[in-house]
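For clarity, every value in this text was computed on a predicted model and none was experimentally measured.
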Amino acid sequence: MNPTVARLTLRGLLGRRRGLLLLVVPALLLVVSAIAAGSSGDKHELVVNVLGKLGLGTLLPILGLVVGTGAIATEIDDGSIVYLLAKPLPRWKIVTTKLVVAIGTTWAFAAVPVLLAGLLMYGTKEGLALGYTAAALVAGAAYSALFLLLGVVTRHAVVAGLAYALVWESLIGNFVEGARTLSVQQWGLAVAESVAAEGSLTSAVSLGLAVPLLLVVVVGATAAASVRLAGLTLASDE
């Protein structure tokens, strides 16, 4: 990591407008969880719906989109990335530093609230809170890498990311059986299933498949973003 790049990236992510937007996700999750905790319904089902469908399926990819694209896309759009690229830094180090900051921010604003929401609704029973937290950690890392890559590849990263998060993850990934294999949400659920008590959670993807796919996405997206960023340097020189 490069401390200067990390500091500038974190400052950009936690700026006034973006920082307020990031707070909306955990606030919404905790409010819904508090309401669910006070209801008289099946608490296990409520946890699965709130943390699984709302938290992991909708709010986490949206937050990952805000953070992942915000880590670099804004600098590329306004041209300020040129000043960073002018520094004697390997392009891969710029990307990995921004990715680490993006992942850490996603964890802080998503994984921690998921844990708190799970404990609020269900306590430590069946390990559901811990399982969904583990899912938020691994899925958050994958989303951060994917959306950071989008921020480097296209100027329409937010639109493309929303289409992926809302259409693929929230709609197709939940209801089309064959598509679940390529869903980050389902990969995260596979991890949650392995952490929670046996039989309390189910995933459409096995852990043995989910972990390699998560690693491929994070490493592959990081490598692709590094190569693309090097190409942007050449283009600016020309």
Taking C-beta and beyond as the side chain, do [X] and [Y] meet within less than 4.5 Å on heavy atoms?
{"X": "Val217", "Y": "Trp187", "result": "yes"}
{"X": "Tyr122", "Y": "Leu51", "result": "no"}
{"X": "Phe109", "Y": "Leu21", "result": "no"}
{"X": "Leu214", "Y": "Val191", "result": "yes"}
{"X": "Leu189", "Y": "Tyr132", "result": "yes"}
{"X": "Val211", "Y": "Val138", "result": "no"}
{"X": "Pro61", "Y": "Gln185", "result": "no"}

Answer yes or no: is there a donor N or O on one side and an acceptor on the other, between the side chain of [X] and the main chain of [Y], under 3.5 Å?
{"X": "Thr154", "Y": "Leu150", "value": "no"}
{"X": "Ser144", "Y": "Gly68", "value": "no"}
{"X": "Gln186", "Y": "Ala204", "value": "yes"}
{"X": "Glu193", "Y": "Ser203", "value": "yes"}

Inset, instruction - Kindly determine whether Leu128 and Leu201 satisfy side chain to side chain contact (heavy atoms under 4.5 Å, CB included), including the steps that lead there. - result: CA-CA 8 Å; Leu128 287 184; Leu201 291 175; 3.6 Å; yes
Starting from [X], walk the hydrophobic network (Ile, Leu, Val, Met, Phe, Trp, Tyr; side-chain heavy atoms closer than 4.5 Å) and list everyone else you reach, by chain and number.
{"X": "Val112", "value": "Leu30, Leu116"}
{"X": "Val153", "value": "Leu149"}
{"X": "Val31", "value": "Ile35"}
{"X": "Val219", "value": "none"}

Inset, instruction - Decide side chain to side chain contact (heavy atoms under 4.5 Å, CB included) for Val184 and Tyr143; before the verdict, give the C-alpha distance in whole Å, the side-chain angles of both, and the deciding distance to 0.1 Å. - result: CA-CA 8 Å; Val184 175; Tyr143 285 131; 3.7 Å; yes
Please report the interatomic distance [atom1]([X]) to [atom2]([Y]), rounded to the nearest 0.5 Å.
{"X": "Asn49", "Y": "Leu46", "atom1": "CG", "atom2": "CG", "answer": "6.5 Å"}
{"X": "Phe147", "Y": "Ile72", "atom1": "CZ", "atom2": "CD1", "answer": "15.5 Å"}
{"X": "Leu99", "Y": "Thr222", "atom1": "CG", "atom2": "OG1", "answer": "4.5 Å"}
{"X": "Leu213", "Y": "Thr181", "atom1": "CG", "atom2": "OG1", "answer": "8.5 Å"}
{"X": "Thr97", "Y": "Leu10", "atom1": "OG1", "atom2": "CG", "answer": "12.5 Å"}
{"X": "Leu115", "Y": "Leu130", "atom1": "CG", "atom2": "CG", "answer": "7.5 Å"}

Inset, instruction - Show your reasoning for whether side chain to side chain contact (heavy atoms under 4.5 Å, CB included) applies to Val24 and Leu63. - result: CA-CA 9 Å; Val24 170; Leu63 189 143; over 6 Å; no
Legend entry - Ala210 to Ala190 - nearest heavy-atom pair and separation: CB-CB, 3.6 Å
Inset, instruction - Heavy atoms only: give me the nearest Val218-Ala145 pair and the separation to one decimal. - result: CA-CB, 3.9 Å
Inset, instruction - Apply salt bridge (Lys or Arg N to Asp or Glu O under 4.0 Å) to Arg7 and list each qualifying residue two or more places apart in sequence or on a separate chain. - result: none
Inset, instruction - Under the side-chain hydrogen bond (donor to acceptor under 3.5 Å, both in side chains) rule, collect the residues that match up with Thr9, sequence neighbours excluded. - result: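 Per chain and number, Thr9 pairs via side-chain hydrogen bond (donor to acceptor under 3.5 Å, both in side chains) with Lys98.
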Inset, instruction - Would you sort out whether Ile94 and Asn2 count as a side chain to side chain contact (heavy atoms under 4.5 Å, CB included), showing the intermediate values? - result: CA-CA 7 Å; Ile94 295 174; Asn2 181 277; over 6 Å; no
